[in-house]
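This report refers to the structure that appears directly beneath it.
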Amino acid sequence: MRGRELRGELDAFLAEMEQDLVAFRRDLHMHPELAFAEYRTTQRIAERLTAAGLTPSVLPRGTGLICDVGSGDGPTIALRADIDALPLQDEKDVAYRSTVAGACHACGHDVHTTVLLGTSLFLAQQAAAGLLPGRVRLIFQPAEELPGGALEVMAQGGISGVDRIFGLHCDPRVDVGQLGLRAGPITSACDKIAVRVSGPGGHTARPHLTADLVFALAKILTELPAALSRRVDPRSSLSLVWGKVVAGSAANAIPDDGVAEGTVRCLDEDAWHAAPDLIKSLLESVASAYGVEATLDYTRGVPPVVNDEVSVEMLGEAAEQALGAGAVVPTQQSLGGEDFAWYLESIPGAFARLGTRSPDGITYDIHQGTFDVDEQAIAMGVRVMATTALTSLWEVGPLDSITSAMA
Ligand SMILES: [Zn+2]
Ligand SMILES: [Zn+2]
């Protein structure tokens with residue numbers, strides 16, 4: 001019953017607020033700020049939350065903020081939006097084009113921010129009416145693209161005491177009004193590695209008196225990916241692919257060092273955690289067979305976002321209530337990375353893809369200077385986020401308090 005009322009309340013809220021939210025998004029779009037430099041964006045959000053009677057707490061660096069709506073001992077649901085832009089040139093010809101050379105909201109984080117702002121304002125009204133059976137933590141996270149903003153939020157206690165967390169990302173291949181959802185992993189891990197090999201160089205006439213470094217490096221280049229494919233569950237799709245190799249300078253001289261660099265991509269979290277140690281031990285065994293020294297420089301990216309099944313169900317049901325039957329569509333695991341994954345390593349939650357394509361319109365791609373959205377997606381996102389927060393609080397919250405508040 002509350003669900004039906006909620007839909008009506010959201011209709012009324014959006015009838016009044018939708019144009020204002022679109023204007024807010026366009027303002028952010030015109031003034032994009034890169035990772036950990038989102039000062040203006042943070043101020044704009046803080047002003048609006050404060051005006052709604054909320055008390056935002058800006059993170060110590062001055063970019064990004066956290067704000068609780070509601071209080072009491074009930075459960076806490078977190079909603080997260082990322083707020084940073086990309087170092088790309090805006091190639092669109094629209095009135096709200098980026099005014100900053102070399103910076104553009106090409107990943108749609110201006111839309112995520114606006115959706116969460118709209119949701120915040122609606123939830124503030126609900127809380128004021130005594131209709132929030134718990135607490136909603138709003139996380140306006142900086143620096144997703146770095147990545148690392150999620151770690152900053154967590155270092156500030158941003159998810160302590162949070163029972164579940166939800167987030168959305170624009171998907172230009174899904175029609176506006178639809179939500180792409182998937183239980184289990186929905187994005188991938190991507191790390192970088194550099195292998196440095198060294199040994200005594202010498203004349204190519206006498207490889208037996210040197211360590212034949214180029215040969216050894218070539219062995220490492222082919223053996224490492226091959227051995228990995230035998231040692232890791234193939235379903236994890238762990239793949240090591242080299243992108244750069246440098247060694248030597250003359251045809252008849254064996255060099256004394258060389259380097260190979262590549263990426264490690266992985267669909268599975270357990271395999272991702274095991275990857276650095278496994279690659280290191282395989283590297284050492286191949287290198288020692290050829291008498292060269294090898295060191296591994298392993299740079300961690302993000303783990304895969306692994307959606308919790310119960311949270312996916314909650315989000316899916318809320319989205320069907322908010323957008324109508326058939327609005328939730330299946331989506332695939334992408335090979336992209338997303339730092340929302342860090343939250344889901346600590347608490348359950350779900351991440352969904354918000355449709356932003358106009359039906360029969362152009363299919364854009366994210367991380368392109370031409371990327372844009374059908375702005376109706378903003379209202380859709382507010383409906384989904386607000387309904388998800390409230391229905392998940394009702395599900396686990398003290399129902400007595402809400403019944404008495406409504407009586
Ligand atoms: Zn991005
Ligand atoms: Zn993004």
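Hydrogens, waters and symmetry mates are skipped; everything else that's a heavy atom, side chains included, is used. Both counts, for ligands and for their atoms, begin at 1 and track the order of listing.
In this structure, the side chain of Thr222 engages the main chain of Lys219 through a donor-acceptor pair within 3.5 Å.
Of all N/O/S atoms in His367, NE2 sits nearest the Zn ion (ligand 1).
Thr331 and Arg182 are not linked by any side-chain donor-acceptor pair at a separation below 3.5 angstrom, with hydrogens and angles left out of the test. For Asp268 and Ser236, the side-chain atoms include no donor-acceptor pair closer than 3.5 Å.
Here the options are Arg25, Arg97, Arg357, Lys92, the test is salt bridge (Lys or Arg N to Asp or Glu O under 4.0 Å), and the partner is Asp372; only Arg25 passes.
For the ring-ring contact (aromatic ring centres under 6.0 Å, His included) condition, the pairs that include at least one residue of residues 263-302, sequence neighbours left out, are Phe215-Tyr290.
Protein N/O/S atoms found under 2.8 Å from the Zn ion (ligand 2): Cys107 SG, His109 NE2, His169 NE2.
For the pair Gln141/Phe340, no side-chain contact is recorded, criterion being any heavy-atom separation below 4.5 Å from C-beta on.
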